[in-house]
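To start, the structure under review is shown below, and the notes come after it.
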Amino acid sequence: MFRRATTGILARNIRARLFSTGLPAAQTIDSTFAEAWKKVAPNLDPPKTPLSFMQPRPPTPSAIPSKLTVNFVLPYASEISGKEVDMVIIPASTGQMGVLPGHVSTITELKPGVLSVHEGNEVKKYFVSSGFAFIHANSMADIVAVEAAPLDQIDSSLVQKGLTEFTQKLSSASTDLEKAEAQIGVDVHSALNAALTG
């Protein structure tokens, strides 16, 4: 009897707010951070936070839109801001994930790989090292990467050289820290190599 009562109460609360996208849009200026910064360094302007690069999100539409709105930001720049595209393919930690308009709300971790943005017949590809993707129910995707570069700007000879160096470091590593650092280098350069050759 007690289980049924608690299940009914919890089910009603969950049904009332399935997704957080129904909440009002967040402010674009992180005032708490700016105030704290002014106390510590009153003579310097506060640095921009990721929040300052993102536009407030619109309310969830009643019908599925024909386009997906994408924001793609790095810690130091905004690569794509509010661009309407047909599809995005994300290198999620669970595998490649295609995102179309009307995709279910999802948060996923990015692994080293190719992020491709499809707009009509045009495809723009980026190599991302890591980060997170936030897919909202209102056909918006916020992609935050630690580091990214357009795929056509990556030198394949430098990738091969880096892969060779990190493979040698991995085989000669003696401590766990050296092994972990070398393994990360091998993983990233292997993903870069696969992106360039495949």
Side-chain angles (χ1 to χ4, degrees), residues 10-35 37 46-154 188 191-192 195:
L10 290 175
R12 267 187 251 126
N13 286 340
I14 291 170
R15 268 186 254 126
R17 55 177 188 86
L18 287 175
F19 301 107
S20 64
T21 55
L23 297 174
Q27 59 184 8
T28 56
I29 299 171
D30 191 354
S31 60
T32 308
F33 175 77
E35 289 171 16
W37 180 270
K48 290 189 173 185
T49 62
L51 184 61
S52 62
F53 291 109
M54 294 185 184
Q55 298 292 325
R57 63 177 175 245
T60 303
S62 58
I64 296 176
S66 61
K67 296 284 187 177
L68 175 72
T69 305
V70 176
N71 296 310
F72 176 36
V73 295
L74 305 171
Y76 51 86
S78 177
E79 287 291 320
I80 300 173
S81 180
K83 187 173 186 180
E84 291 191 343
V85 300
D86 296 319
M87 176 177 66
V88 175
I89 299 177
I90 297 170
S93 59
T94 55
Q96 293 295 100
M97 182 171 102
V99 180
L100 295 166
H103 196 282
V104 67
S105 293
T106 307
I107 298 175
T108 187
E109 181 183 9
L110 303 179
K111 67 175 184 176
V114 177
L115 166 78
S116 57
V117 181
H118 299 254
E119 184 179 12
N121 293 332
E122 192 178 314
V123 179
K124 180 74 173 172
K125 294 185 176 186
Y126 297 89
F127 183 83
V128 295
S129 62
S130 62
F132 288 90
F134 305 90
I135 314 305
H136 307 284
N138 58 2
S139 291
M140 288 196 73
D142 295 322
I143 303 164
V144 183
V146 173
E147 190 64 57
L151 206 55
D152 55 1
Q153 294 181 5
I154 297 173
V188 170
L192 267 166

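Position 1 is the first residue of the sequence, and the numbers go up from there.
Across Ala195 and Val114, no two heavy atoms sit closer than the pair CB-CG2, 3.2 Å. The shortest non-hydrogen separation linking Ala191 to Pro112 is CB-O, 3.6 Å. Between Ser66 and Pro101, the closest heavy-atom pair is O-CG, 3.6 Å. A pairwise comparison of heavy atoms in Tyr126 and Glu79 identifies CE2-OE1, 3.5 Å as the closest pair. Considering every non-hydrogen atom in both Met140 and Leu68, the closest pair reads N-CD1, 4.1 Å.
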Would you please test Leu115 and Leu110 for side-chain contact (heavy atoms from CB on, under 4.5 Å) and show each step?
CA-CA 9 Å; Leu115 166 78; Leu110 303 179; over 6 Å; no
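The side-chain contact (heavy atoms from CB on, under 4.5 Å) search around Val73 returns Phe53, Met54, Ser78, Val144, not counting sequence neighbours. In this view, Met87 and Ile89, Leu100, His118 satisfy the side-chain contact (heavy atoms from CB on, under 4.5 Å) rule, not counting sequence neighbours. Every residue two or more places apart in sequence or in another chain was checked for a salt bridge (charged side-chain N to carboxylate O under 4.0 Å, His left out) with Lys125, and none qualifies. For Ser129, there are no side chain to side chain donor-acceptor pair (under 3.5 Å) partners, not counting sequence neighbours. Residues forming a salt bridge (charged side-chain N to carboxylate O under 4.0 Å, His left out) with Glu119 (at least two apart in sequence, or on another chain): Lys83. Residues forming a side chain to side chain donor-acceptor pair (under 3.5 Å) with His103 (at least two apart in sequence, or on another chain): none. For Glu147, the side chain to side chain donor-acceptor pair (under 3.5 Å) test picks out Tyr76, with sequence neighbours left out. Not a single ring pair (Phe, Tyr, Trp, His ring centres under 6.0 Å) links Phe127 to another residue, sequence neighbours left out. Applying the side-chain contact (heavy atoms from CB on, under 4.5 Å) rule to Pro47 yields the partners Phe33, Trp37; only residues at least two apart in sequence or on another chain are considered.
In terms of modelled atom types and a separation under 3.5 Å, the side chain of Thr108 and the main chain of Ala133 share no donor-acceptor contact. The backbone N or O of Ala92 lies less than 3.5 Å from no partner atom in the side chain of Thr94, so there is not a single donor-acceptor pair.
Residues Ser116 and Lys124 are not in side-chain contact: their nearest non-hydrogen atoms beyond the backbone lie 4.5 Å or more apart.
Taking OG1 of Thr69 as the reference point, atom CD1 of Ile80 lies at 11.5 Å (rounded to 0.5 Å). Going from atom CD1 of Ile143 over to atom CZ of Phe134 covers 10.5 Å, rounded to the nearest 0.5 Å. To the nearest 0.5 Å, the span separating CD on Glu84 from OG on Ser139 amounts to 10.0 Å. To the nearest 0.5 angstrom, Thr106 atom OG1 is 5.0 Å from Met97 atom CE.
Each salt bridge (Lys or Arg N to Asp or Glu O under 4.0 Å) pair with one or both residues in residues 63-72, not counting sequence neighbours, appears once here: Lys67-Asp86. For the salt bridge (Lys or Arg N to Asp or Glu O under 4.0 Å) condition, no pair includes a residue of residues 87-98, sequence neighbours left out.
Evaluated for a side-chain contact (heavy atoms from CB on, under 4.5 Å) with Phe72, the options Val88, Asp142, Val128 yield exactly one hit, Val128.
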